[in-house]
Amino acid sequence: MTPAAVPHRTCRFTGGDGIRLVAEVWGAASAPPLVLLHAGGRTRHSWGRTGPRLAALGWRVVAPDLRGHGDSEWPADGAYGLGRYAEDVRALVAALGGRPVLVGASLGGLGALLAAGEPPGAAVRALVLVDVAHRPDPRGLRRIAAVMRRHANGRAPWDPRMLDAFEGRMDPPGRAERLLDAACRADVPVLLVRGGISDVLREDAAAEFCARVPRARHVEVAGAGHVVVGEGEGDELFIDAVVPFLEELKGPRPTPGNGRDRDRRD
């Protein structure tokens, strides 16, 4: 099936505190689920190329607008802590069933990681983290915040209060260990996709993450910055980077009794 031929529809889900989430869905209802979680300041439409391509490879792809973004609800109380995003991801996973793969870029990746690795952990098959790990470069974060602040003019497709919630505490004490602990507790395969020229996720931080998380590995998308996916032709490079990992997940289950892999669920 070609990407243009895959079934496509817009659906609504309910987040962790009852918030309304709007999502694009591609692929057959019987296919294994895969969730695409966009970065902060983006929308579900940033996956417009990736979603159909992955659905054509046999996945049921769900790409929601995160809370405070696009057509999803913007909470009246301005609740945009990472814990709220994680709760939304857990609610989405529960609604979908089937232990989805979570693919999250930047903010979406943080929500996915905490949803899977902190109690009550979401039942997921694997994680793909797109240019986000435990230790961001503060210079890159400041650059992103400045760009978003310039666009917080009421016409941006995201709630400017979201930026207020993150500025000044983008990398607070203890968060690195919290994220590493979550990645280890999730106990699923993790693919870390780094933009080759990213100013947010340095190469040494990506290497440290993979050294500390037993089931993690990383690939780089040459020439990509922090926005690895969602900017046109570069999406093809991202898709090429993640498809081998996703194809492995469709392989045979491991035979019980092989050491630490005995209790693997993927």
Novice: Under the side chain to side chain contact (heavy atoms under 4.5 Å, CB included) rule, what do Phe209 and Val190 come out as? Steps first, then yes or no, please.
Specialist: CA-CA 10 Å; Phe209 181 87; Val190 180; 4.1 Å; yes
Novice: Once side chain to side chain donor-acceptor pair (under 3.5 Å) is applied, do any residues pair with His8, and if so which ones, sequence neighbours excluded?
Specialist: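 With sequence neighbours excluded, His8 shows a side chain to side chain donor-acceptor pair (under 3.5 Å) to Glu24, given in chain and number order.
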Novice: I'd like to know if Arg90 and Glu87 make a salt bridge, using a cut-off of under 4.0 Å between side-chain N and carboxylate O.
Specialist: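 No, no charged N to carboxylate O under 4.0 Å.
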Novice: Treating Arg194 as the side-chain partner and Leu201 as the backbone partner, does any N or O pair qualify as donor plus acceptor under 3.5 Å?
Specialist: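 Flag set: sc Arg194 to bb Leu201 pair under 3.5 Å.
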Novice: Tell me whether Ile144 is reachable from Leu37 by hopping between hydrophobic residues (I, L, V, M, F, W, Y) whose side-chain heavy atoms are closer than 4.5 Å.
Specialist: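 The answer is yes; both residues are in one hydrophobic cluster.
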Novice: List for me each residue that meets side chain to side chain contact (heavy atoms under 4.5 Å, CB included) alongside Ala182, sequence neighbours excluded, and say none if there are none.
Specialist: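 Here the qualifying residues are Leu113, Leu114, Glu118.
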Novice: What's the separation between atom CG in Leu66 and atom CG in Leu107, rounded to the nearest 0.5 Å?
Specialist: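 These two atoms lie 5.5 Å from each other.
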Novice: According to a hydrophobic-cluster definition based on side-chain heavy atoms being under 4.5 Å apart (Ile, Leu, Val, Met, Phe, Trp, Tyr only), do Val25 and Leu102 belong together?
Specialist: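 Yes; Leu102 is reachable from Val25 via cluster members.
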Novice: Given Pro100, which of Val35, Val61, Leu34 fulfils the side-chain contact (heavy atoms from CB on, under 4.5 Å) condition?
Specialist: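 With Pro100 as partner, Val35, Val61, Leu34 yield a single side-chain contact (heavy atoms from CB on, under 4.5 Å), made by Val35.
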Novice: If every non-hydrogen atom of Pro157 is compared with every non-hydrogen atom of Thr43, which pair is closest and at what distance?
Specialist: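 That closest heavy-atom pairing would be CB-CG2, 3.8 Å.
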Novice: Just do the side chain to side chain contact (heavy atoms under 4.5 Å, CB included) check on Leu82 and Arg175 with the steps written out, would you?
Specialist: CA-CA 11 Å; Leu82 286 181; Arg175 179 175 289 175; 3.6 Å; yes
Novice: Hey, could you give me the CD/CG distance between Glu73 and Asp65, rounded to the nearest 0.5 Å?
Specialist: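 That separation rounds to 12.5 Å.
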Novice: Compare every heavy atom of Pro75 with every heavy atom of Tyr80, then report the nearest pair and how far apart it is.
Specialist: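 Looking at all heavy atoms of both residues, the shortest contact is OH-CD, 3.1 Å.
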Novice: Do you reckon Val227 sits in the same ILVMFWY cluster as Met148, going by side-chain contacts under 4.5 Å, direct or chained?
Specialist: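 No, because Val227 and Met148 fall into different hydrophobic clusters, even though each may have its own neighbours under 4.5 Å.
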Novice: Taking only residues two or more places apart in sequence, or in another chain, which ones meet Asp77 in a side chain to side chain donor-acceptor pair (under 3.5 Å)?
Specialist: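 Applying side chain to side chain donor-acceptor pair (under 3.5 Å) to Asp77 gives none.
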Novice: If you compare all heavy atoms of Leu249 against all heavy atoms of Pro189, which two are closest, and at what distance to 0.1 Å?
Specialist: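 Reported closest heavy-atom pair: CD2-CG, 4.3 Å.
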Novice: Arg217: what forms a side chain to side chain donor-acceptor pair (under 3.5 Å) with it, not counting sequence neighbours?
Specialist: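 With neighbours one apart ignored, the set is Glu248.
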Novice: Please step through side chain to side chain contact (heavy atoms under 4.5 Å, CB included) for the pair Val62 and Leu96, ending with a clear verdict.
Specialist: CA-CA 9 Å; Val62 179; Leu96 293 173; 3.9 Å; yes
Novice: Looking at residues at least two apart in the chain, or sitting in another chain, which of them share a salt bridge (Lys or Arg N to Asp or Glu O under 4.0 Å) with Asp17?
Specialist: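 Scan of Asp17 (salt bridge (Lys or Arg N to Asp or Glu O under 4.0 Å), adjacent residues dropped) gives Arg67, Arg84.
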Novice: Under the side chain to side chain donor-acceptor pair (under 3.5 Å) test, which residues partner Glu177, sequence neighbours left out?
Specialist: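 Counting only residues at least two positions away or on another chain, Glu177 forms a side chain to side chain donor-acceptor pair (under 3.5 Å) with Arg212.
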Novice: Rounded to the nearest 0.5 Å, how far does CG of Leu21 lie from SG of Cys11?
Specialist: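 Result: 12.0 Å between the selected atoms.
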Novice: Quick one: side chain to side chain contact (heavy atoms under 4.5 Å, CB included) partners of Ala76, sequence neighbours excluded?
Specialist: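 For Ala76 there are no side chain to side chain contact (heavy atoms under 4.5 Å, CB included) partners, ignoring immediate neighbours.
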Novice: One pair to check against side chain to side chain contact (heavy atoms under 4.5 Å, CB included): Leu163 and Trp158. What are the steps and the verdict?
Specialist: CA-CA 9 Å; Leu163 185 57; Trp158 45 271; 4.3 Å; yes
Novice: Taking only residues two or more places apart in sequence, or in another chain, which ones meet Thr50 in a side chain to side chain contact (heavy atoms under 4.5 Å, CB included)?
Specialist: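 Listed in chain order: Leu36, Trp47, Leu54, Val229, Asp235, Phe238, Ile239.
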Novice: Measure from the side-chain N and O atoms of His69 to the backbone N and O of Gly41, and report whether any donor-acceptor pair falls under 3.5 Å.
Specialist: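 Yes; judged by distance alone, with no hydrogens or angles, the pair exists.
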Novice: Group every Ile, Leu, Val, Met, Phe, Trp and Tyr by side-chain heavy-atom contacts under 4.5 Å, then state whether Leu237 and Val243 land in the same group.
Specialist: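 Yes, same cluster.
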Novice: According to side chain to side chain donor-acceptor pair (under 3.5 Å), does anything in residues 26-42 pair up with another residue at least two apart or in another chain? List the pairs.
Specialist: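 Passing the test, one end in residues 26-42: Arg42-Glu231.
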Novice: Over all heavy atoms of both residues, which pair between Gly97 and Pro33 is shortest? Give the atoms and the distance, please.
Specialist: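 Residues Gly97 and Pro33, closest heavy atoms: O-CG, 3.4 Å.
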Novice: Could you pull out all residues at least two apart from Arg143 that satisfy salt bridge (Lys or Arg N to Asp or Glu O under 4.0 Å)?
Specialist: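 Counting only residues at least two positions away or on another chain, Arg143 forms a salt bridge (Lys or Arg N to Asp or Glu O under 4.0 Å) with Asp199.
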Novice: For Val22, what residues pass the side chain to side chain contact (heavy atoms under 4.5 Å, CB included) criterion, not counting sequence neighbours?
Specialist: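 Per chain and number, Val22 pairs via side chain to side chain contact (heavy atoms under 4.5 Å, CB included) with Thr10, Arg12, Arg20, Arg44, Asp71, Ser72.
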Novice: What residue pairs, at least two apart or across chains, pass salt bridge (charged side-chain N to carboxylate O under 4.0 Å, His left out) with a residue in residues 52-64?
Specialist: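 Applying salt bridge (charged side-chain N to carboxylate O under 4.0 Å, His left out) to every pair that reaches into residues 52-64, excluding sequence neighbours, yields Arg53-Glu236.
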Novice: Please report the closest heavy-atom contact between Pro136 and Leu141, naming both atoms and the distance.
Specialist: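 Minimum heavy-atom separation between Pro136 and Leu141: CG-CD1, 3.6 Å.
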Novice: Between Val242 and Val103, is there a side-chain heavy-atom distance shorter than 4.5 Å?
Specialist: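 Contact flag for Val103/Val242 side chains = no.
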Novice: How far apart are the closest heavy atoms of Pro64 and Ala23, and which atoms are they?
Specialist: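 Where Pro64 meets Ala23 most closely, the heavy atoms are CA-CB, 3.6 Å.
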